[in-house]
Asker: 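One structure, as structure tokens, below. Some questions next.
Letters A, B, ... are given to chains in the order of the sequence lines, protein chains preceding strands, and every chain is numbered from 1. What you see below is based on every heavy atom in this structure, not just the backbone, and it leaves out hydrogens, waters and symmetry mates.
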4 protein chains.
Amino acid sequence: MEEIRYKEKMLYSRELHPDDTIVQAGEVSIGRGGFAVIAGPCSVESESQIMGIAEAVKEAGADMLRGGAYKPRTSPYDFQGLEAEGIKLLLKAKQETGLPIVSEIMDAGNLDLFEDIDVLQIGARNMQNFALLKAVGQTDKPVLIKRGISATYQEFLTAAEYVLSEGNPNVILCERGIRTFETYTRSTMDIAAVPVLKRLSHLPVLADPSHACGRSELVGSLALAATAAGADGLMIEVHSDPKLALSDGRQSLTPQQFAELMKKIRALTGALNA
Amino acid sequence: MEEIRYKEKMLYSRELHPDDTIVQAGEVSIGRGGFAVIAGPCSVESESQIMGIAEAVKEAGADMLRGGAYKPRTSPYDFQGLEAEGIKLLLKAKQETGLPIVSEIMDAGNLDLFEDIDVLQIGARNMQNFALLKAVGQTDKPVLIKRGISATYQEFLTAAEYVLSEGNPNVILCERGIRTFETYTRSTMDIAAVPVLKRLSHLPVLADPSHACGRSELVGSLALAATAAGADGLMIEVHSDPKLALSDGRQSLTPQQFAELMKKIRALTGALNA
Amino acid sequence: MEEIRYKEKMLYSRELHPDDTIVQAGEVSIGRGGFAVIAGPCSVESESQIMGIAEAVKEAGADMLRGGAYKPRTSPYDFQGLEAEGIKLLLKAKQETGLPIVSEIMDAGNLDLFEDIDVLQIGARNMQNFALLKAVGQTDKPVLIKRGISATYQEFLTAAEYVLSEGNPNVILCERGIRTFETYTRSTMDIAAVPVLKRLSHLPVLADPSHACGRSELVGSLALAATAAGADGLMIEVHSDPKLALSDGRQSLTPQQFAELMKKIRALTGALNA
Amino acid sequence: MEEIRYKEKMLYSRELHPDDTIVQAGEVSIGRGGFAVIAGPCSVESESQIMGIAEAVKEAGADMLRGGAYKPRTSPYDFQGLEAEGIKLLLKAKQETGLPIVSEIMDAGNLDLFEDIDVLQIGARNMQNFALLKAVGQTDKPVLIKRGISATYQEFLTAAEYVLSEGNPNVILCERGIRTFETYTRSTMDIAAVPVLKRLSHLPVLADPSHACGRSELVGSLALAATAAGADGLMIEVHSDPKLALSDGRQSLTPQQFAELMKKIRALTGALNA
């Protein structure tokens, strides 16, 4: 219904830029044939927690570490994250493991704190927080944008355009499930988003099966599906003790489950590239 | 799926606060039996435009004037609003007509600019922009929160709780349509939201039929429906020349159409209160 | 996405047939300014039940009696209706009260049994049961079609076209709520369907607030909203003892609640027509 | 919202029946590690069309042939299928190629005509046509049920229960996409349905990527995704000349595209089973 204004060629569009974009996060390349796995807990909870998980996911073959320091929570009485202290712990984990860090930023006022964070994550709830998109567009940091839970492909791509049009070309798209009538799963992974976004855009496309389904027993199947559908990588929640997690424990894999999944993912990417 | 943490009694809840809350915007009371109509253009476009519309809606019986100075637009190449200049024009219209002003704030950094704006609007896309909700919660200004296009009642109310829990009790809820599979209308007005929110909460509940349907020919029917369903007021887009509007012209009433609708609304509220 | 084939002018369309169609069910006229209220239990359960409710809704001012003899239930182990015995009881209630009867038909093979039923109801689940639509289209009985829970306006109207194109012009449309992400209510009443269908088609449009919300405490507000939005009538579930109802008790009004609602509806239709 | 009645253990449930069910269609086994591919045109259009496609898909490795003789179409003026003549042509193709046949039945009155059809398909629109489900439940033929476009997992499984509870254990489930707000694709493939249904039920689970996306250029990616997610097989539309197809040409693969996809599917199933 709503008409939107386009430039003749949008910066995200594959017509303008036929080759796949590669976004560089530290030494990790995301896009064009590489396959990047980001793993870690929903929230940073303590030094021992994040250190333990960081070591474990690295050993299992993860390329990057995720962890939330600022958490967008439905209720103001939910755990809101360790905030600045959480960022410090993530940087310590980076130092120890060498894994580049992905963490969500919710407020442009915190950009200074994220200076050494490798990838700025824009959460689904902020996908159309245009003030925030413009602010991260004025940096040169990789920005991982999660699809809003009811965003169309067009809206997702034009949200990316807000970052690109400010001069920052380092945008990564991430499908994380949309809201439908089905309530058995937390969200509904829109698997078609992977090939559609790859066709419409040159930007790398990841998938987050953990948020998409909200149930650890389904994460593996969705991770393999997204890989087979052509995703450039995955973001997966891992927690050493999911039952005690301060957020999203229900959807977290244990490090051992994650390690087993990584083997299957490697077998699959091998077969697909053969 | 997602479990959320509640206080024993949420501040928004009717259990805690059985009487209807009245929010005062200048001399206009919103809630508990009053019926407040907010009208005006989607965007402030020029002095003559906003002045002309302000006079017209006042004459037709509107209680407050709306107008966007900062516009959240899907594409970065869409008209983004007159920004600070738009705020000035709104304040001029307030001076001329005496109508209190409702305008959307997208960035906590602009709070100073909104000092004389009577009601801060949080748009649907920012309903879970928690940094912004906390910031407006630290003021004492009336805050009108629009329901996110895929927000459940629970999420809508806990978004309000972010403002209330910071100490600002002046929250107004506004149903403006949700996203469904139906594409004939821009959104689908969830008319049940009106009685549901009135039951669960003591906060005033308005409806915005213009955004809900996106078609001027349907606005009247939805406005009457929301009134009959028990809404505490309406927000309606009016433009002197809808075809030339820089945004949302398709859903705007002309001043004359608005005046005719106001007569029907008065007849209806009369019958309902009789 | 799906292209569909149209006749130059569809039989349902207002372009072809500018005047409102009036469907005659016994002595009750549905459409064009009349306002018809159909009330009764979800299922016929026993002679005393249907007789008692029939008398009560007649006294409160209902124009027609509804009651299910064949029930489409999600599970095969749910109560499936009294079937042929239920039809007999409905006809007895018709004899006693003079109220025309509306009842759902699920199988064309039962058409003989429905010979004295005044209005054949096609349930939401069968809205695209084309074999059934064609079969009722070959009768001359009034056919009330409920909108499928995820049917677009276009699909709803082309379902009606199946009946019309077989030669039966007596079609009544009924909005009964669509499926969305919101789970607090059973369905989401799409109030805009009322004015949209009235614009696109000359057929009468009713609303069923009981199925739309699934909660008796909301039925009144939705009934008034649909009336204000321009519906040609309402279908409302009434049960003498909702807690003991074999189906849909949660959404049924008591006869007393129904009588009180009828007074408000009359006040509203009076004000709207004044 | 709606409470449904269950038997202590539903016949579809894995609790009752821990081992995977294998449904036998001619010599093809569906379920438990086998991987069955059903391919063919949306509609049977002519003898040369169905014969040509049947030979081509057989050569490419398809296990069964699909083709619609009775077509559920949104508009009564759309092509409704060749009906009885279409069934004859399907049986001729079966004779020539040896491929078992899957075809949709819309009316229990046609069961005789389907006597030599190997698998009765219940289309998405008829998923809750309980009269039809009961009728096919009284045969011993394999029944492939497509998920309704807005059916929950629970509703899908209880629809299967209607067939099982009549005594027919040969039920195959097929995910074919659900209706969401996204309109770029025809439906949204709910990839999580595959592992969820496999966990909740012992019945075989297929996926239909063609209807799920409605765009031939996406069919391959979704087919691979469903395979990786654990589906027991696929149903894919193939047409020798998609642009001339009388229905659903936009989503049909050419025989050559299908042959290439079959190679990838084999590589994938090989890697997954290794």
Asker: Minimum heavy-atom separation for D:L200 to A:Y184, with atom names?
Answerer: CD2-OH, 3.7 Å
Asker: With side chain to side chain contact (heavy atoms under 4.5 Å, CB included) as the test, would you mind laying out the steps for D:T188 and A:T180 before giving the verdict?
Answerer: CA-CA 10 Å; D:T188 296; A:T180 69; 5.9 Å; no
Asker: Working to the nearest 0.5 angstrom, can you tell me the gap between A:E182 CD and D:Q154 CD?
Answerer: 9.0 Å
Asker: By a 4.5 Å heavy-atom criterion (distance strictly below it), what part of A:V196 contacts chain D: side chain, backbone, both, or neither?
Answerer: both
Asker: Taking 4.5 Å as the heavy-atom cut-off, does anything in residues 218-228 of chain D contact chain A, and if so which residues?
Answerer: D:L218, D:S221, D:L222, D:L224, D:A225, D:A228
Asker: Heavy-atom pairs under 4.5 Å with chain A are the metric here; pick the option from D:E217, D:K198, D:K264 that has the most.
Answerer: D:E217
Asker: Give me the atom names and distance for the closest heavy-atom approach of D:F181 to A:I149.
Answerer: CE2-O, 3.9 Å
Asker: Is it the backbone or the side chain of D:L272 that comes under 4.5 Å from a heavy atom of chain A, or both, or neither?
Answerer: side chain
Asker: Taking every non-hydrogen pair under 4.5 Å, which of A:A192, A:S150, A:P195, A:G230 racks up the most with chain D?
Answerer: A:S150
Asker: Roughly how far, to the nearest 0.5 Å, is the SG atom of A:C213 from the CG atom of D:D190?
Answerer: 11.0 Å
